[in-house]
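Chain letters run A, B, ... following the sequence lines, proteins first and then strands; every chain starts at 1. Just so you know, these numbers use all the heavy atoms, side chains as well, and skip hydrogens, waters and symmetry mates.
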2 protein chains.
Amino acid sequence: MAESAATCPERLVMEHITSRWGTLVLIALLDRPHRFGELRREIGRVSEKMLAQTLRTLERDGLVHRDARPVIPPRVDYSLTGLGREAAERVRDLAHWTERRLAAVERAREAYDAASP
Amino acid sequence: MAESAATCPERLVMEHITSRWGTLVLIALLDRPHRFGELRREIGRVSEKMLAQTLRTLERDGLVHRDARPVIPPRVDYSLTGLGREAAERVRDLAHWTERRLAAVERAREAYDAASP
DNA sequence: CGGTATCCTGAAAGATACTG
DNA sequence: CAGTATCTTTCAGGATACCG
């Protein structure tokens, strides 16, 4: 997750929430709690490394709750905190808007590209 | 602006909108149209390259309108399109939420860091 | 004033292999 | 199952210089 240096603190939080995997994790968890492997399968082509990193960052920010049960085989459930739900609802809105308007954006691009050789 | 390869098309639009400079540009334009130099000063420490690139991407996506007047010295005004206004309002909400909740996030981080050596 | 063009680097993402 | 460790590649973004 993007972590560059000279950044205002809000930017950092925004980046965690709107990052590629952050967005998908938050939206998935808005539906219901998920285990690590469920998230992995649902999101699709995410590496274990990136998923783990994303979850840790969101947990650290207080957006995601991690419930690790000391059983064998291990079982870990992730869910949204109250804070996380607020954030997730907003990214979901943005994501849904993007889906709804994607066609319009693509038309704009074609027009732009047609006008500039 | 982030442009990696194997990405679903909505992700690309999301990234343009929520990118570091994209967010700031959209929020500034939500207030009123701006000239290039005004954006540059208002946003602060953005390079001309990144600002120009961000504006071109947003224009191409149909979110920002570019009005270049053929005068000397050149004068170019940027404003939001209808589509851009919809997007800008949503990022602004997210940005405002982040500002409001920043303290809570920072408290969560302290707790997390205190718990894990 | 409002940009382009070019080069360069640090950091982030992916692949792969391994583990409690 | 749920991760870590390590290596490699990629590329966004800054610095700098120049232009219509």
Side-chain angles (χ1 to χ4, degrees), chain A residues 1-8 11-12 14-25 28-29 33-60 64-79 116-117, chain B residues 1-8 11-12 14-25 28-29 33-60 64-79 116-117:
Chain A
M1 257 158 153
E3 217 73 16
S4 41
T7 266
C8 66
R11 203 356 54 190
L12 225 55
M14 277 275 284
E15 244 153 46
H16 298 168
I17 294 172
T18 64
S19 74
R20 174 171 198 150
W21 308 122
T23 300
L24 295 174
V25 164
L29 293 183
H34 283 67
R35 298 180 63 176
F36 186 88
E38 289 177 334
L39 283 171
R40 186 154 159 54
R41 278 186 298 278
E42 191 156 325
I43 290 180
R45 63 274 159 237
V46 59
S47 68
E48 290 173 350
K49 179 190 151 188
M50 287 314 297
L51 183 56
Q53 200 177 109
T54 300
L55 285 166
R56 225 179 315 116
T57 306
L58 295 176
E59 187 197 357
R60 182 168 181 265
V64 160
H65 174 68
R66 178 176 187 273
D67 180 26
R69 309 208 146 209
V71 296
I72 294 185
R75 174 180 181 111
V76 183
D77 287 274
Y78 291 94
S79 55
S116 44
Chain B
M1 260 157 154
E3 217 73 16
S4 41
T7 266
C8 67
R11 193 21 27 203
L12 225 53
M14 278 274 285
E15 244 153 46
H16 297 167
I17 293 172
T18 63
S19 74
R20 174 170 195 145
W21 309 122
T23 300
L24 296 174
V25 164
L29 293 184
H34 283 68
R35 299 181 62 176
F36 186 88
E38 288 178 335
L39 284 171
R40 185 153 160 57
R41 278 188 298 278
E42 193 157 322
I43 290 179
R45 62 275 158 236
V46 59
S47 67
E48 290 173 351
K49 179 189 154 187
M50 288 314 297
L51 183 55
Q53 198 176 111
T54 300
L55 285 167
R56 224 181 316 118
T57 305
L58 295 177
E59 189 198 355
R60 180 167 182 265
V64 160
H65 174 68
R66 180 176 186 272
D67 179 26
R69 309 209 144 207
V71 295
I72 294 187
R75 175 181 179 111
V76 183
D77 287 274
Y78 291 93
S79 55
S116 44

query: Between B:Arg66 and C:dG3, is there a side-chain N or O to OP1/OP2 distance below 4.0 Å?
result: yes
- request: Return no unless some side-chain N or O of A:Tyr78 is found under 4.0 Å from OP1 or OP2 of D:dG3.
  value: yes
Check the distance between [N]'s [atom2] and [X]'s [atom1] and give it to me in whole angstrom.
{"X": "B:Leu51", "N": "C:dG2", "atom1": "CG", "atom2": "C1'", "answer": "10 Å"}
{"X": "A:Arg75", "N": "D:dG3", "atom1": "CZ", "atom2": "C1'", "answer": "16 Å"}
{"X": "B:Leu39", "N": "C:dG3", "atom1": "CG", "atom2": "P", "answer": "10 Å"}
{"X": "A:Ile72", "N": "C:dT19", "atom1": "CD1", "atom2": "P", "answer": "17 Å"}
{"X": "B:His34", "N": "C:dC1", "atom1": "NE2", "atom2": "P", "answer": "16 Å"}
{"X": "B:Gln53", "N": "C:dA5", "atom1": "CD", "atom2": "P", "answer": "12 Å"}
{"X": "A:Phe36", "N": "C:dG20", "atom1": "CZ", "atom2": "C1'", "answer": "15 Å"}
{"X": "A:Leu55", "N": "D:dT4", "atom1": "CG", "atom2": "P", "answer": "10 Å"}

Test item: B:Thr54 side-chain N/O and B:Trp21 main-chain N/O as donor-acceptor pair under 3.5 Å: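 Absent.
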- prompt: Quick one: does B:Arg45's side chain have a donor or acceptor within less than 3.5 Å of a partner on B:Ile43's backbone?
  reply: yes
- request: Mind checking A:Arg56 for me? I need base, sugar-phosphate or nothing, with any heavy atom below 4.0 Å counting as a touch.
  value: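 Sugar-phosphate contact only.
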message: At 4.0 Å (heavy atoms only), tell me whether B:Arg35 reaches a base, stays on the sugar-phosphate, or touches nothing.
response: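 It contacts sugar-phosphate atoms only.
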message: Reading DNA chain C from 5' onward, which residue's closest nucleotide shows up sooner: B:Ala52 or B:Arg41?
response: B:Arg41
Would you check if [X] and [Y] make a side-chain contact, meaning some heavy-atom pair closer than 4.5 Å?
{"X": "A:Val64", "Y": "A:Thr57", "result": "no"}
{"X": "B:Asp67", "Y": "B:Arg69", "result": "yes"}
{"X": "B:Leu24", "Y": "B:Glu42", "result": "no"}

N/O to N/O distances under 3.5 Å, protein versus nucleotides 14-20 of chain D:
from: D:dG14; atom 1: N7; to: B:Lys49; atom 2: NZ; distance (Å): 3.3
from: D:dG14; atom 1: O6; to: B:Lys49; atom 2: NZ; distance (Å): 2.3

field: Rounded distance [0.5 Å steps], CG in B:Leu55 versus CZ in B:Arg40
entry: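 Interatomic distance, B:Leu55 CG to B:Arg40 CZ, rounded to 0.5 Å: 12.0 Å.
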field: Rounded distance (nearest 0.5 Å) linking atom OH of B:Tyr78 with atom CD of B:Glu38
entry: 12.0 Å
